[in-house]
2 protein chains.
Amino acid sequence: MSRDDLSKEIIIQAAIELLDAEGLEGLSMRRLGDRLDAAATAMYWYVTSKSHLLILASNEVWGEVVLPDLDRVDWRTAAADMAGGLHRMVSQHPWLVTAFASQPVYGENKARHDDRILAVYEKAGFVGAEVDDAATTVFMFVLGHALGGSTSDSLNRQLSRGSGNSQSRVQQSLEEAKEVALRFPRLRERLEGATETGYGSAPGRSFEFGLRAVLDGLEHRIRTRPLPPSNHAVPVALNTLQACTPCP
Amino acid sequence: MSRDDLSKEIIIQAAIELLDAEGLEGLSMRRLGDRLDAAATAMYWYVTSKSHLLILASNEVWGEVVLPDLDRVDWRTAAADMAGGLHRMVSQHPWLVTAFASQPVYGENKARHDDRILAVYEKAGFVGAEVDDAATTVFMFVLGHALGGSTSDSLNRQLSRGSGNSQSRVQQSLEEAKEVALRFPRLRERLEGATETGYGSAPGRSFEFGLRAVLDGLEHRIRTRPLPPSNHAVPVALNTLQACTPCP
DNA sequence: ACCTGAACACCGTTCAAGT
DNA sequence: ACCTGAACACCGTTCAAGT
């Protein structure tokens with residue numbers, strides 16, 4: 001009859017379940033409390049704030065990404081594996097991109113992941129700031145790609161468990177968007193074309209295409225120009241610490 | 001003494017100013033009302049919801065991106081121009097990425113932009129679904145790149161006009177993140193290295209590097225493999241309409 | 001040490017009532 | 001036609017009080 005004892009881990013777990021099921025706006029301290037049979041304010045004993053909880057949850061799912069062993073594979077397969085792993089992870093937890101966009105995220109698992117990414121592009125032959133540039137490029141591509149997924153995800157959520165009123169409002173938005181698109185030839189072409197070959201039917205294919213192009217571009221860059229040494233740059237997305245330096 | 005008359009345009013403009021100054025969480029109907037010397041609820045006469053207002057504001061800033069004339073430039077400069085223009089726009093309006101991540105965005109200006117993007121990669125020589133793939137790849141790279149910028153942006157905002165209490169909490173988070181990073185060799189290296197060569201000092205360079213690599217990859221793909229015809233795919237980020245098809 | 005309940009300062013949105 | 005004010009159902013967070 002009684003609930004599980006509260007703990008940091010249980011709270012994080014419940015938060016992730018809530019986020020996976022309902023997205024970023026589905027997470028509130030009160031609903032978290034309901035789910036754990038506790039007062040919303042009980043969470044504050046274990047977690048300093050909602051923002052902190054979001055950092056902990058983000059770092060937790062970051063741990064799901066398996067990291068390649070650089071001694072056993074060449075840089076390109078390692079890069080593809082990491083990008084693929086990250087892509088799979090954010091596909092399972094679309095809220096992560098939203099969270100990442102609205103506040104800094106850090107933690108042990110993310111740091112380990114970032115460190116390994118840099119190692120991959122060191123091994124590829126980049127030096128100096130271009131290590132960070134190459135890593136950032138791929139990382140950004142993956143996250144950007146997930147952006148589209150997370151919006152269509154939240155849209156579907158609003159459509160499925162919408163409160164009737166908001167449901168019809170979303171429908172109306174879709175109509176409006178469609179109407180606008182029909183006024184532009186290429187968008188119209190795609191709206192009228194067979195949808196079964198669209199993104200929804202093969203979401204992986206589009207990702208693979210882009211990833212290959214990005215890696216091709218990086219590989220081309222290594223081969224055509226043995227790079228001169230230079231200083232390191234801190235990529236802002238891999239390490240948001242940098243954000244504090246330009247402060248007053 | 002009296003305020004400007006209310007109108008859709010004025011409301012959108014004020015919303016953008018609020019968003020530019022304080023980010024997504026700085027926008028509330030009540031604060032918008034304050035800024036326009038009106039009741040928060042007065043907005044609902046011109047705008048159906050906050051979400052709708054965000055769509056209008058997003059579409060408005062999308063209009064700031066200048067589109068290249070495809071009859072006057074080759075595809076690669078057109079692609080670079082569009083990517084650069086989009087990048088500049090989201091740098092000036094970092095909240096757009098957050099908005100884009102949390103809800104669908106559409107409108108005339110965005111549709112025109114999307115249509116032109118597709119035209120660019122048609123001109124490049126892609127056919128069928130790969131037109132959409134190529135367009136999506138570059139688009140995603142730009143948006144992903146902006147993701148990092150928008151988080152460091154909101155971080156700086158919290159640091160500068162923080163309520164003392166939250167300010168020290170952000171400081172503490174930064175310390176914590178730093179401490180974690182120091183446990184990983186490559187991150188440590190970068191933290192201890194000279195910061196004046198970091199991302200903050202040359203944010204453009206990192207973008208240019210990545211963009212060149214992405215375009216190199218796409219160019220390589222066109223040249224090495226004359227592509228077979230196939231059906232169109234609707235990229236989910238260019239056109240979120242697709243999200244409604246897999247619904248029950 | 002751990003948790004609750006009331007309270008505070010916010011939200012988006014609806015709707016009757018005013019002009 | 002346009003706007004206000006009160007009200008409702010939510011938020012995150014603090015803090016005294018309980019066990």
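Atom set for the values below is all heavy atoms of this structure, side chains included, hydrogens, waters and symmetry mates excluded. Labels below follow one simple rule: chain letters A, B, ... track the order of the sequence lines, proteins then strands, and each chain is numbered from 1. Treat the numbers as computed from the prediction; the structure is a model and nothing was measured.
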J.: How would you list, by chain and number, every residue that makes a side chain to side chain donor-acceptor pair (under 3.5 Å) with B/Ser28, sequence neighbours excluded?
T.: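 Residues passing side chain to side chain donor-acceptor pair (under 3.5 Å) with B/Ser28: none at all.
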
J.: Please state whether the rings of A/His87 and A/His145 are parallel, tilted or perpendicular, taking 30° and 60° as the class boundaries.
T.: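 Plane angle over 60°, so perpendicular.
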
J.: Using the salt bridge (Lys or Arg N to Asp or Glu O under 4.0 Å) criterion, which residues pair with A/Arg88? Sequence neighbours excluded.
T.: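 For A/Arg88, no residue satisfies salt bridge (Lys or Arg N to Asp or Glu O under 4.0 Å) once neighbours in sequence are set aside.
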
J.: Between C1' on C/dC2 and CD1 on A/Ile11, what's the gap in Å once rounded to a whole number?
T.: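 Distance, rounded to whole Å: 11 Å.
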
J.: Give me the stems containing DNA chain C, sorted by first residue, counting only three or more consecutive Watson-Crick or G-U pairs with both distances under 3.5 Å; say none if there aren't any.
T.: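 Stem list for DNA chain C: C:4-8 with D:12-16, C:12-16 with D:4-8.
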
J.: Please identify each residue that fulfils side chain to side chain donor-acceptor pair (under 3.5 Å) with B/Glu64, with sequence neighbours left out.
T.: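 Once residues adjacent in sequence are excluded, the partners of B/Glu64 under the side chain to side chain donor-acceptor pair (under 3.5 Å) criterion are B/His93.
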
J.: Looking only at the side chain of B/Tyr46 (C-beta and beyond, no hydrogens), which of the listed nucleotides D/dT4, C/dC3, D/dC3 gets closest?
T.: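 Side chain of B/Tyr46 sits closest to D/dC3.
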
J.: C/dC3 phosphate, OP1 or OP2: any side-chain N/O from A/Trp45 under 4.0 angstrom?
T.: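 Looking at the OP1 and OP2 atoms of C/dC3, neither is under 4.0 Å from any side-chain N or O of A/Trp45.
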
J.: Can you name the residues that form a side chain to side chain donor-acceptor pair (under 3.5 Å) with A/Glu60, not counting sequence neighbours?
T.: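 In terms of side chain to side chain donor-acceptor pair (under 3.5 Å), with neighbours along the sequence ignored, A/Glu60 is linked to no residue.
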
J.: Suppose the criterion is salt bridge (Lys or Arg N to Asp or Glu O under 4.0 Å): which pairs have a residue in residues 10-21 of chain A, not counting sequence neighbours?
T.: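 Matches after skipping sequence neighbours: A/Glu17-A/Arg35.
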
J.: Below 3.5 Å is the cut-off: list the nitrogen or oxygen pairs between protein and nucleotides 10-12 of chain C, distance only.
T.:
residue, atom, partner, partner atom, Å
C/dC11, OP1, B/Ser28, OG, 3.4
C/dC11, N4, B/Arg30, NH2, 3.2
C/dG12, OP1, B/Lys50, NZ, 3.0
C/dG12, OP2, B/Met29, N, 3.0
C/dG12, N7, B/Arg30, NH1, 2.5
C/dG12, O6, B/Arg30, NH2, 3.0

J.: Check side chain to side chain donor-acceptor pair (under 3.5 Å) between B/Thr41 and all other residues, then give those that pass, not counting sequence neighbours.
T.: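 With neighbours one apart ignored, the set is empty.
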
J.: Test of understanding: with salt bridge (Lys or Arg N to Asp or Glu O under 4.0 Å), list the residues that count as partners of B/Arg186, not counting sequence neighbours.
T.: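 By the salt bridge (Lys or Arg N to Asp or Glu O under 4.0 Å) rule, B/Arg186 matches A/Asp115, A/Glu122.
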
